[in-house]
Enquirer: 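My structure is below; once you've seen it, I'll send some questions.
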Number of protein chains: 2
Amino acid sequence: MNLKLDKIDRKILDILQSNAKITNAQLSKEIGLSPAPTLERVKKLENSGIIKSYHAKLDTDKIGMGVSTFVYATLKGHNKSNIEIFMEAINKIEEVIECHHVTGSGDFVLKVIAKDIASYQQLMLEKVSDISVVDNLQSMVILSTFKDSKVMPIPE
Amino acid sequence: MNLKLDKIDRKILDILQSNAKITNAQLSKEIGLSPAPTLERVKKLENSGIIKSYHAKLDTDKIGMGVSTFVYATLKGHNKSNIEIFMEAINKIEEVIECHHVTGSGDFVLKVIAKDIASYQQLMLEKVSDISVVDNLQSMVILSTFKDSKVMPIPE
DNA sequence: ATTTGTACCGAATTATATTTTGCATCTAAT
DNA sequence: ATTAGATGCAAAATATAATTCGGTACAAAT
């Protein structure tokens, strides 16, 4: 599988990142090819794994998930087994929508969403703090998000 | 516009969050309705703004954006005018894909992507540190991401 | 020069989305 | 209880879009 991206591929990726629901016909117009090779390129991008998946983005307020936070979590020891215990527990909590292992002594950044502050507190106390290997948790509540781009730049 | 979501709506949202490319026919099967009312519901969810948009998710490594970081930024003073200067500058930097205003004295969390550490450093020095109102920057490099769910739970 | 592979186009085919129609259910007012 | 209005539905018909197919052009390798 050839992963080399030309200018047209990058344009396709740019467009599909910002609007996944564009029709192939419209996409082909915007990149200046006919529908057939356009579709071929898109399929190639999908099959090669460059495009991993397609997702609907929801309005958190409108679905009643008004509280979003970042949580910085430290473990009691950042050995492999503790990390595995942590990962497994985190994966079961659907309100934890992201979990990243970051530099700094074995620490993690989580993104958590909740209905309101009360349910957030409950969630953290009952589900996250409760994970045996968790040492410290530090929450930052997101007051507002003024950039949340789903479009990543693609280097040449 | 009625924003009340019933069980079927929540199921639709759940499915479209994890797979935006599902056909209406398949979606209707999974929720147990016929295509017509299914499409009606999806359109209603789109028009009401509950579904904001649809996006392709790319593989950061495969597009050559191997470095992702969280950056905690503090401003020299967190008054309205400084925040506006900061926001405007940040919006122009396409490598900064997220920017959130968080609790703590006027601080921000950014998510930044780059080709490699060298270009990351260059980006931060030349574009981010350079914003006049920025006081302090603290970077955390993401070593690995083991949860990045695009599916938010929806409360009843 | 010939072969091989790749990318492209236009047209035909197939799949899918959208609209329409009419029926069933529910609610509220009489 | 009955009626009127609204809502939601299934099924069929239509419109639109995606996909496939055959063929052409071009580039690189032999």
Side-chain angles (χ1 to χ4, degrees), chain A residues 1-59 61-64 150-156, chain B residues 1-59 61-65 150-151 153-156:
Chain A
M1 186 69 63
N2 185 14
L3 292 180
K4 214 172 210 166
L5 301 173
D6 66 11
K7 206 173 173 178
I8 296 176
D9 290 322
R10 286 195 296 274
K11 199 165 178 183
I12 289 174
L13 292 173
D14 189 63
I15 293 168
L16 291 182
Q17 280 187 96
S18 68
N19 175 21
K21 271 294 174 72
I22 191 172
T23 63
N24 187 61
Q26 184 57 32
L27 179 62
S28 70
K29 270 182 209 162
E30 295 194 18
I31 64 174
L33 291 182
S34 72
T38 302
L39 191 65
E40 225 173 78
R41 279 170 179 267
V42 172
K43 293 292 167 208
K44 215 174 275 183
L45 292 167
E46 288 171 355
N47 293 334
S48 67
I50 291 172
I51 297 175
K52 290 169 87 169
S53 44
Y54 296 93
H55 305 275
K57 179 181 175 183
L58 309 188
D59 186 308
D61 287 336
K62 287 185 178 157
I63 62 168
K150 300 302 176 194
V151 184
M152 300 187 287
I154 298 160
E156 288 178 34
Chain B
M1 186 68 65
N2 184 15
L3 293 179
K4 215 173 211 163
L5 301 173
D6 66 12
K7 206 171 174 179
I8 296 176
D9 290 322
R10 286 195 295 274
K11 199 165 179 182
I12 289 174
L13 292 173
D14 188 64
I15 292 169
L16 291 182
Q17 280 187 97
S18 69
N19 174 19
K21 271 293 174 69
I22 190 171
T23 63
N24 188 61
Q26 185 58 32
L27 178 62
S28 69
K29 268 183 209 162
E30 295 195 17
I31 64 173
L33 291 182
S34 72
T38 302
L39 191 64
E40 229 171 77
R41 279 170 179 266
V42 172
K43 291 294 165 207
K44 214 174 276 182
L45 291 167
E46 288 171 356
N47 293 335
S48 66
I50 291 172
I51 296 175
K52 290 168 88 171
S53 44
Y54 296 93
H55 306 275
K57 179 182 175 183
L58 308 188
D59 186 307
D61 287 336
K62 287 185 177 157
I63 63 169
M65 280 301 207
K150 299 302 176 194
V151 183
I154 298 161
E156 289 179 34

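In what follows, every chain begins at residue 1, and chains take the letters A, B, ... in the order their sequences are listed. The figures here come from the full heavy-atom set of this structure, side chains too, leaving out hydrogens, waters and symmetry mates.
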Enquirer: Which pairs with one or both residues in residues 5-20 of chain A pass salt bridge (charged side-chain N to carboxylate O under 4.0 Å, His left out), sequence neighbours excluded?
Expert: A:D6-A:R41, A:D9-A:R41
Enquirer: Please report the closest heavy-atom contact between A:A56 and B:A20, naming both atoms and the distance.
Expert: N-CB, 3.8 Å
Enquirer: Looking at B:I63 and A:P155, what are the two nearest heavy atoms and their distance?
Expert: O-CD, 3.2 Å
Enquirer: Side chains of B:L45 and B:L16: does their closest heavy-atom pair fall under 4.5 Å?
Expert: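 Of all side-chain heavy-atom pairs linking B:L16 with B:L45, none is under 4.5 Å.
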Enquirer: Could you tell me whether a side-chain N or O of A:Q17 sits under 3.5 Å from a main-chain N or O of A:M152, the two making a donor and an acceptor?
Expert: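 Side chain of A:Q17 to backbone of A:M152: a pair is present.
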Enquirer: Below 3.5 Å, can you tabulate the donor-acceptor pairs from side chains in residues 27-36 of chain A to any protein atom, sequence neighbours excluded?
Expert:
from: A:S28; atom 1: OG; to: A:N24; atom 2: O; distance (Å): 3.4
from: A:S28; atom 1: OG; to: A:A25; atom 2: O; distance (Å): 2.6
from: A:E30; atom 1: OE2; to: A:Q26; atom 2: NE2; distance (Å): 3.2

Enquirer: Which is the 5'-most and which the 3'-most nucleotide of DNA chain D that has an atom under 4.0 Å from a heavy atom of chain A?
Expert: D:dA17 to D:dT20
Enquirer: For C:dA7, take OP1 and OP2 only and decide whether either is under 4.0 Å from a side-chain N or O of A:K44.
Expert: yes
Enquirer: Output all residues satisfying side chain to side chain contact (heavy atoms under 4.5 Å, CB included) with A:D59, sequence neighbours left out; order by chain, then residue number.
Expert: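 Expected list: A:D61, A:K62, B:K52.
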Enquirer: Among residues at least two apart in sequence or on other chains, which ones pass salt bridge (charged side-chain N to carboxylate O under 4.0 Å, His left out) with A:K21?
Expert: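 Here no residue qualifies.
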Enquirer: Of all residues at least two apart in sequence or in a different chain, which pass the side chain to side chain donor-acceptor pair (under 3.5 Å) check with B:S53?
Expert: B:H55
Enquirer: By salt bridge (charged side-chain N to carboxylate O under 4.0 Å, His left out), which residues pair with B:E40, not counting sequence neighbours?
Expert: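 Not a single residue meets the salt bridge (charged side-chain N to carboxylate O under 4.0 Å, His left out) criterion with B:E40.
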Enquirer: Rounding to 10 degrees, work out the angle separating the end axes of the helix from C:dA1-D:dT30 to C:dT30-D:dA1 (five pairs an end).
Expert: 30°
Enquirer: Walk along nucleotides 9-21 of chain C from 5' to 3' and tag each nucleotide B, S or - by protein heavy-atom contact under 4.0 Å, base first, then sugar-phosphate.
Expert: BB-----SSSB--
